[in-house]
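Down below is the structure, laid out as structure tokens.
Note: hydrogens, waters and symmetry copies are ignored here, and every other heavy atom, side chains too, is used. Order of the sequence lines sets the chain letters (A, B, ...), proteins ahead of strands, with each chain counted from 1.
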2 protein chains.
Amino acid sequence: MHEPVHHYLDPFLDKIETRDKLTEDEKAALRALPQKLVRTAARSRIVEEGEKPTHACMVLEGIVYRSKIASTGRRQIISFHVPGDMVDLHTVLFKVADHTIETVRNAAVVLVPHKAILETAEEVPALGRAFWYDTLLDASIQREALLNIGRRDARSRTAHLFCELAVRLKRVGLVTNGSFELPITQTDIADALGVTPIHTNRVLAQFRKQGLITATGKSVTIHDWRALVAIGDFDATYLHLEGPSDLHL
Amino acid sequence: MHEPVHHYLDPFLDKIETRDKLTEDEKAALRALPQKLVRTAARSRIVEEGEKPTHACMVLEGIVYRSKIASTGRRQIISFHVPGDMVDLHTVLFKVADHTIETVRNAAVVLVPHKAILETAEEVPALGRAFWYDTLLDASIQREALLNIGRRDARSRTAHLFCELAVRLKRVGLVTNGSFELPITQTDIADALGVTPIHTNRVLAQFRKQGLITATGKSVTIHDWRALVAIGDFDATYLHLEGPSDLHL
DNA sequence: CGTTCGCTTGACGTCTCTCAATGCGGGTGG
DNA sequence: CCACCCGCATTGAGAGACGTCAAGCGAACG
């Protein structure tokens with residue numbers, strides 16, 4: 001079997017390796033996965049709710065988000081994804097996608113067939129654990145989002161979201177001097193936080209006036225990290241940055 | 001290696017088998033996992049946020065929930081768990097638990113060491129997928145909860161929660177004539193839905209008056225399922241009851 | 001039989017939503 | 001190169017859902 005070897009998945013590899021060192025063989029197995037680089041336009045739908053996707057995808061460039069729609073038409077953004085994130089490993093074992101996946105701006109994603117992921121997970125246990133871990137981390141982020149929306153007011157929710165994105169983007173080297181690209185609209189932020197875009201606008205205006213952060217539709221600059229963390233009640237434990245349990249096999 | 005064989009994990013086995021048939025060997029491997037039956041009092045904490053658990057657990061009897069606390073002291077219940085659910089497979093790969101796990105009433109849970117779970121996942125791929133699947137399903141339920149809290153009003157949220165619990169409990173045979181045991185307080189419901197207990201009380205009173213459901217602190221009876229589904233905007237797709245992808249290896 | 005916890009109900013406050021209008025910047029076509 | 005347009009940000013005013021404070025009550029439990 002001679003699979004062509006790419007390095008598109010290296011960002012995911014890097015993410016894995018901060019928590020679990022891989023051998024050269026394991027890395028090679030990951031790189032040997034069949035994969036396809038796809039560049040998308042802004043607001044492209046990668047997976048639609050109700051579909052049966054055959055590929056999972058990793059974000060290479062840009063921001064991707066997942067969302068669900070209530071029957072009233074109101075949209076909830078479940079999570080944002082940054083480069084190096086495997087976005088829908090979830091559908092690997094499901095018949096239908098229970099949510100939609102979209103890009104905010106033009107982005108680059110790498111598609112990997114479900115079948116290959118399952119086979120590799122079985123043949124290379126370290127990679128199986130890596131895939132599993134990624135979905136567990138994802139779930140942990142969702143739990144924090146649940147706490148955020150359920151038990152914090154709009155101000156706090158907003159601050160928390162920016163804290164989280166800053167940390168996650170920093171991890172992949174996309175933050176310089178407290179500022180990072182974030183080409184999302186206030187409506188996106190509102191839909192992620194369970195509030196109206198109008199209210200989001202007022203919260204952001206207040207933050208700006210207080211010299212906390214500046215958010216244009218393109219980028220975000222954090223001026224007072226400590227204050228933002230305090231307002232957002234942000235504690236990065238749930239991001240499990242220190243890696244997995246030491247309990248290796 | 002002669003491990004003692006119990007049948008405590010059979011409820012989990014049943015849950016798996018509705019979506020993925022296992023061979024006798026695979027079943028035997030699951031049953032051979034080291035396990036310990038533990039009976040708990042009401043409001044017992046199984047895992048505390050910040051701890052490093054060494055065991056995962058499956059619910060055998062009773063209701064278990066997971067929660068997180070904001071720094072203001074406000075509690076968010078992340079999810080409820082019914083018999084047959086593996087509750088904290090999440091911590092298998094994490095250093096610290098990012099949430100607390102508690103029982104509502106006296107319950108029975110089965111503890112299984114993380115180490116054994118990881119080894120088995122590696123040696124028996126079908127079980128590895130089963131564990132993974134369970135955490136993916138859990139994440140799907142969390143996503144729906146996010147939509148529920150973020151984009152539905154209190155009335156709708158409440159109805160949705162009862163719909164979900166009814167379906168999940170029915171699946172394990174714990175619903176008779178539209179009624180099931182649910183020994184949780186209105187404060188618990190409120191904390192799961194991101195509202196105040198007082199408001200929950202008013203919503204429940206309204207439901208009762210309209211002849212929709214009757215909820216005492218002990219059990220719930222659904223009188224008008226169709227109406228409840230409509231109010232709760234409930235669509236069971238996200239519970240993936242039809243099992244996993246047909247894409248087997 | 002007292003104490004405690006949870007349910008219930010009322011009055012009032014407020015955070016956030018809805019409706020509505022204006023402004024602005026960037027893309028598009030002439 | 002300019003004019004038009006459309007999506008998005010912004011701002012105001014009024015409404016409503018839900019929160020807070022407070023008090024009474026019943027059942028379970030020691």
Below 4.0 angstrom from OP1 or OP2 of dT8(C), is there any side-chain N or O of R208(B)?
yes

Starting from P on dC18(D), measure out to CG on L204(B) and report it in whole angstrom.
13 Å

Counting only non-hydrogen atoms, which of residues 147-166 of chain B are less than 4.0 Å from DNA chain D?
D153(B), A154(B)

Reading nucleotides 20-30 of chain D from the 5' end, what letters show protein touch, with B for base, S for backbone sugar-phosphate only, - for no heavy atom under 4.0 Å?
BB---------

Answer yes or no: is there a donor N or O on one side and an acceptor on the other, between the side chain of N177(B) and the main chain of S179(B), under 3.5 Å?
no

Whole angstrom value for the distance that separates C1' of dC6(D) from CZ of R43(A):
15 Å

Could you check whether F162(B) and F234(B) have their ring centres less than 6.0 Å apart?
no

With a 4.5 Å heavy-atom cut-off, do H160(B) and E144(B) have their side chains touching?
yes

Which one, dG6(C), dC8(D), dT10(D), comes nearest to the side chain of N201(A)?
dT10(D)

Go through it in stages, so that I can follow the logic: the residues are L147(B) and R152(B), the test is side chain to side chain contact (heavy atoms under 4.5 Å, CB included), and I'd like the CA-CA distance, side-chain angles, deciding distance and then a yes or no.
CA-CA 7 Å; L147(B) 172 63; R152(B) 297 195 185 108; 3.5 Å; yes

Going by side-chain hydrogen bond (donor to acceptor under 3.5 Å, both in side chains), name the residues that satisfy it together with S219(B), two or more places apart in sequence or in a different chain.
none

Between CD1 of I184(A) and C1' of dC8(D) the distance, given in whole Å, is 13 Å

Angle between ring planes, H90(A) versus H99(A), binned at 30° and 60°: parallel, tilted or perpendicular?
perpendicular

Side-chain N or O of Q186(A) closer than 4.0 Å to phosphate OP1/OP2 of dT10(D):
yes

Which dot-bracket string fits DNA chain C when only Watson-Crick or G-U wobble pairs with both atom distances under 3.5 Å count, crossing pairs get [ ], and | stands for a partner on a different strand?
||||||||||||||||||||||||||||||

Between G194(A) and T185(B), which residue's closest nucleotide on DNA chain C lies nearer the 5′ terminus?
T185(B)

Using 4.0 Å as the upper bound for N to carboxylate O, is an ion pair formed by E181(B) and R105(B)?
no

With rounding to the nearest 0.5 angstrom, report the CD to CZ distance, E164(B) to F80(B).
9.5 Å

Residue pairs fulfilling side-chain hydrogen bond (donor to acceptor under 3.5 Å, both in side chains) with at least one residue in residues 73-83 of chain A, sequence neighbours excluded
Y65(A)-R75(A), R66(A)-S79(A), R66(A)-H81(A), R75(A)-D188(A), R75(A)-D191(A), S79(A)-H81(A), H81(A)-D85(A)

Over how many whole Å does the gap from L182(A) atom CG to dC8(D) atom C1' extend?
15 Å

Scan residues 194-211 of chain B for pairs that pass salt bridge (charged side-chain N to carboxylate O under 4.0 Å, His left out), counting only residues two or more places apart or in two chains.
none

Any idea which heavy atoms bring V203(B) and R155(B) closest together, and the distance?
CG1-CA, 4.0 Å

